Structures are given as C-alpha cells and as structure tokens.
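Computed from a predicted structure; not experimentally measured. Order of listing sets the numbers, starting from 1, for every ligand and every atom in it.
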Amino acid sequence: MTLEFADPEVHALIRDEGKRQFDTIRLIPSENYASAAVLEATGSVLTNKYSEGYANKRYYEGQEFIDPLELLTIERAKSLFGADHVNVQPYSGSPANLAVYSGLLQPGDTLMGMSLPHGGHLTHGWKVSVTGKLYRAVQYKVDETSHRLDFDEIRELALKERPKMIIAGATAYPRIVDFEAFASIAKEVGAYLHADIAHISGLVAGGAHPSPVPYADTVVSTTHKTLRGPRGGMILCKSEHAKTIDRAVFPGLQGGPHNHTTAALAVALKEASTSEFKAYAHQIVANARALAGRLIEQGFTLVTGGTDNHLILFDATSRGSTGRRLSRALNRAGIITNANTVPFDPRKPFDPSGVRIGTPAVTSRGMKEPEMGHIGNFISRVLEHEDDVDALDAIGREVADFCRQFPAPGIPNAA
Ligand SMILES: *Cc1c(COP(=O)(O)O)cnc(C)c1O
C-alpha cells in the first residue's frame with residue numbers, strides 16, 4: 001500500500017512540505033535539494049538491514065550486497081577528496097565530530113575551536129554541548145574589526161593553552177578558511193588538526209574552496225549541505241588514524257550503520273565527481289557574491305563586508321530591524337533564512353542582530369546572478385513592509401511565481 005493510503009495524515013504533511021520547498025526561496029545555507037536518485041536510495045529496502053562492523057568483519061550474516069556497497073561509497077569518497085581513509089558510517093555531522101574527539105582525545109584534554117557566537121559549531125566545544133563538558137574547551141574568536149580569523153591571535157591562544165586538538169571550520173563564516181595556516185599552528189604546539197567542512201564540502205569537492213585534506217589529521221563533513229547528499233556524516237583521515245577513527249565510530253559510539261544513507265551517499269558522491277557539479281560549486285560562490293553585492297547596494301552591512309564562499313551574514317540592525325524580526329517577516333513572504341548572531345553581537349542570542357543566508361539551494365534550482373539581484377530586492381522590500389502582513393503575503397505570491405520558473409531537484413510534481 002502506498003503512503004497516501006496507508007497513512008494519509010503523514011502523506012499530506014510530506015506533500016505540503018514538498019510544496020513549501022518548491023514555492024519558497026530557500027536561503028538557509030545548510031540546506032539543499034537532494035536529487036531524485038539520492039532520495040530514491042534513501043527510501044530503499046536498505047533501511048531493513050543490520051550490518052554492525054565493517055566490510056568482511058560484520059556481526060550479522062547477509063552482507064553480500066552491503067559490503068560492496070559500503071566499499072564502493074568509501075572508494076568514491078577517497079577518490080573525490082583525495083583522502084587516505086574514509087569512514088562513511090557516522091549518523092550525522094555532530095556524531096562524526098564526537099567520534100573524532102573520542103578517538104584522539106581523553107576526557108579533560110584541551111580542545112580548541114571557534115566560538116559559537118563567532119561562527120563556530122555547537123560541537124566545537126561550546127559550553128552547552130557535551131563536547132564542552134567532556135573536554136577542556138578553549139575558544140578562539142574573529143578579529144574585532146575585520147570579523148575575520150586572526151592567525152596571530154589564534155597562534156597566541158594555542159601557545160598559551162597548548163590544546164591537544166585544534167578545530168578549523170565553521171557554521172557561519174563567509175570567508176575562505178586557511179587550513180594551511182591552521183596546520184602550521186597545530187604543528188608548532190603539537191596539536192592534532194581537525195577540519196570540519198560540514199558546510200563547504202561541496203565547494204571543496206567542486207574545487208571552489210581549498211581542501212583541508214593535505215593538512216588535517218582528520219576531516220569531518222556532513223553529507224547533506226553543499227554536498228547535496230542524504231542526511232549523514234563522514235570522516236576522512238590520514239592512514240595513521242584509520243584504525244582509531246573506525247573503532248571510535250563502531251563500537252565506540254554507534255551501532256548499526258544506516259545502509260540506506262550509505263547508498264544515497266554513494267549516489268551523491270558520483271554526482272559530485274561530475275563536471276556539472278564543479279560548475280554548480282563555482283556558481284554557488286558566484287551567486288553568493290552577486291547577492292552580497294545587491295544587499296550592500298540596498299544599505300545592509302555584511303559581516304566581513306562580503307563573502308567568498310556560499311554564505312552571507314548580514315546585520316539587520318544596519319537598516320533598523322533585528323535578526324528575528326526580519327527573518328520572521330521574510331518567512332511570511334516565502335524567503336526562508338535564519339536569525340544569527342553577528343560577531344560581538346550586542347543583542348541577545350534569541351533575538352540577535354544578524355540574518356544568515358546562503359546560495360546552495362537556490363543554485364541547485366538553476367538560479368544565476370540576475371536572480372540573486374531579484375532575491376536581494378525581495379529581501380529589501382520585505383524589510384520595508386515588516387509589520388504589514390498583507391504586503392508580506394503579496395510579496396509571498398510574487399516569490400512563489402518566481403520560484404515556479406525554476407525546477408527543484410527531487411520535487412517532480414510540485415508545480
Ligand atoms: C551542520 C554542522 C555540523 C553538524 O551536523 P549535523 O548533521 O546537524 O549533526 C557540524 N559542524 C558544522 C560546522 C556544521 O555546520
């Protein structure tokens with residue numbers, strides 16, 4: 001029985017979510033549209049199979065098709081990223097980070113990551129995360145005026161705190177991360193270098209951002225952000241850490257791998273190795289630059305003054321709004337973003353100054369620089385009508401008409 005008849009309630013919610021994704025401008029930089037092929041693999045019979053362990057060392061029988069599938073996925077990831085070793089079993093980005101820390105560190109060891117209000121991720125040692133409780137977390141910030149990473153300051157902090165691991169990577173940083181500079185500091189203080197490319201792995205795969213693989217001991221990525229695969233995580237590492245990392249994932253942290261996700265990741269990695277994907281990755285960056293330019297023309301202040309990746313962080317207070325007020329109004333008009341702190345934000349985290357946006361999803365729909373101009377104009381118009389729900393709804397209808405001109409991967413019948 002199809003879902004529509006088996007469970008009309010759930011079917012309707014999924015259908016409506018598909019329509020929402022089709023009819024709105026999706027600017028959340030961690031979101032994307034996975035292809036129909038990726039979604040098909042995700043929704044397959046592989047969800048039925050248990051396969052604790054690794055290929056040829058499983059704890060259950062019946063692995064005739066699972067072993068070659070996992071090995072194929074690993075081979076594709078190794079070749080796409082040029083990594084010595086890859087583990088494709090982490091359930092998502094957060095458990096992948098935790099696996100790396102638990103493999104290479106002891107509880108109480110010093111872990112140095114980017115502060116969350118400055119662009120780092122919760123799992124980089126922020127105090128409410130288990131990573132901030134298990135380890136002695138020290139946090140670096142961005143420079144007070146440029147809002148960029150300041151390697152003199154990072155080096156000074158590392159020399160003072162002597163971390164056992166330094167994390168390079170962010171969840172809200174609009175500039176290139178200089179992994180080589182991080183590596184030289186890590187080497188000087190005798191720390192492991194861990195790179196978290198959850199957001200930018202699609203850019204790295206497509207050659208639109210430098211790769212950390214030559215410099216880092218370990219690299220973690222989600223598989224569902226710019227990489228445009230299923231929801232999941234993976235760890236790339238140097239051969240010397242291969243055994244430690246594999247043991248940390250299983251049996252250290254997880255049970256059975258999600259084979260349906262592994263299969264979908266294999267499909268996404270195949271897609272990401274094409275010349276079309278390379279063009280896609282570069283277009284994401286070109287689009288972000290175009291959108292940033294339009295927002296600056298509209299009078300917004302951008303953190304660091306611009307972008308060189310997929311992401312833009314702009315200050316809504318530079319035009320008299322707040323992050324929360326503007327992101328709510330944008331949502332009402334069908335433009336989906338999130339409120340975000342800006343570095344040294346004077347406002348409270350729940351109603352911060354900034355709005356975080358990005359171009360991975362709109363670029364997946366084939367939008368290019370001219371459309372980024374339209375999107376910048378929509379954002380500015382929403383701000384001017386923030387308290388007028390009728391005006392916001394009218395903009396929302398224009399937004400839906402605009403979106404319907406662009407097919408959305410994986411959402412065939414939404415038009
Ligand atoms: C999204 C993200 C993660 C966590 O990924 P989940 O799949 O949400 O657990 C980790 N690190 C960074 C930098 C991220 O942006």
Side-chain angles (χ1 to χ4, degrees), residues 26-32 34 38 42 87-102 111-126 128-132 134-135 137 139-142 149 165-179 182 193-205 209 211-212 216 218-236 248-249 253-254 257-258 260-262 264-265 268 284 288 303 307 309-313 337-338 340-341 343 354 356-361:
R26 299 178 56 225
L27 294 178
I28 294 177
S30 50
E31 293 186 0
N32 214 329
V38 165
T42 304
N87 187 305
V88 295
Q89 293 192 3
Y91 298 143
S92 214
S94 303
N97 276 336
L98 196 54
V100 167
Y101 311 156
S102 67
L111 175 68
M112 181 168 140
M114 191 174 188
S115 165
L116 178 123
H118 288 245
H121 192 258
L122 272 170
T123 57
H124 295 179
W126 191 240
V128 300
S129 154
V130 69
T131 61
L134 276 180
Y135 307 102
Q139 308 256 281
Y140 58 86
K141 297 178 156 72
V142 293
L149 293 169
M165 179 181 285
I166 297 177
I167 306 167
T171 200
Y173 185 67
R175 296 294 178 176
I176 299 281
V177 175
D178 186 346
F179 295 114
F182 271 109
L193 178 63
H194 172 55
D196 182 345
I197 57 169
H199 263 255
I200 58 170
S201 54
L203 303 183
V204 171
H209 189 291
S211 171
T218 49
V219 178
V220 148
S221 183
T222 59
T223 53
H224 48 274
K225 297 182 182 175
T226 50
L227 196 58
R228 214 161 60 180
R231 291 197 88 95
M234 62 180 169
I235 305 171
L236 326 177
V249 174
L253 197 64
Q254 299 188 167
H258 292 179
H260 57 303
T261 301
T262 305
L265 174 56
I284 289 176
V303 170
T307 178
N309 59 19
H310 64 302
L311 182 145
I312 297 164
L313 201 52
T337 65
N338 65 274
N340 212 97
T341 54
R356 188 183 73 146
I357 60 177
T359 51

Practice task
Run the numbers for me: atoms of ligand 1, each under 4.0 Å from some heavy atom of His199, listed by number.
Solution key: 15 (O)
Exercise for the section: Please report which non-hydrogen protein atom sits nearest to atom 7 (O) of ligand 1, along with the residue it belongs to and the distance in Å to one decimal place. Expected result: Ser92 OG, 2.4 Å
Practice task
Would you check if Ile357 and Pro29 make a side-chain contact, meaning some heavy-atom pair closer than 4.5 Å?
Solution key: no
Exercise for the section: Check Ala170 against ligand 1 and report side chain, backbone, both or neither, counting heavy atoms closer than 4.0 Å. Expected result: backbone
Exercise for the section: Check each heavy atom of Lys225 against ligand 1 and say whether those closer than 4.0 Å belong to the side chain, the backbone, both or neither. Expected result: side chain
Handout entry: Closest non-hydrogen atom pair, Pro360 against Asn32
Key = O-OD1, 3.5 Å
Practice task
Using a 4.5 Å cut-off on heavy atoms from C-beta on, say whether the side chain of Phe182 contacts that of His194.
Solution key: no
Practice task
Counting heavy atoms only, name the option from Leu122, Ile167, Thr171 that's nearest to atom 15 (O) of ligand 1.
Solution key: Thr171
Problem - Sub-4.0 Å heavy-atom contact, His224 with ligand 1 - result: yes
Problem - Per-atom contacts of ligand 1 with Thr222, taking only distances under 4.0 Å to non-hydrogen atoms - result: 5 (O), 7 (O)
Problem - Between Asp196 and His121: side-chain donor-acceptor atoms closer than 3.5 Å - result: no
Practice task
Decide yes or no for Pro90 and Gln254: does some side-chain heavy atom of the first lie under 4.5 Å from some side-chain heavy atom of the second?
Solution key: yes
Problem - Val303 side chain near Tyr173 side chain, heavy-atom distance below 4.5 Å - result: no
Practice task
Classify the contact between Ser94 and ligand 1 as side chain, backbone, both or neither, using a heavy-atom distance cut-off of under 4.0 Å.
Solution key: both
Completion exercise
Taking only non-hydrogen atoms of Asp196 and a 4.0 Å limit, the atoms of ligand 1 in range are 10 (C), 11 (N), 12 (C), 13 (C)
Practice task
Begin from the C-alpha positions of Thr131 and Ser129 and carry the test side chain to side chain donor-acceptor pair (under 3.5 Å) through to its verdict.
Solution key: CA-CA 5 Å; Thr131 61; Ser129 154; 2.6 Å; yes
Exercise for the section: Note the single closest protein heavy atom to atom 3 (C) of ligand 1, along with its residue, its atom name and the distance in Å. Expected result: His121 NE2, 3.3 Å
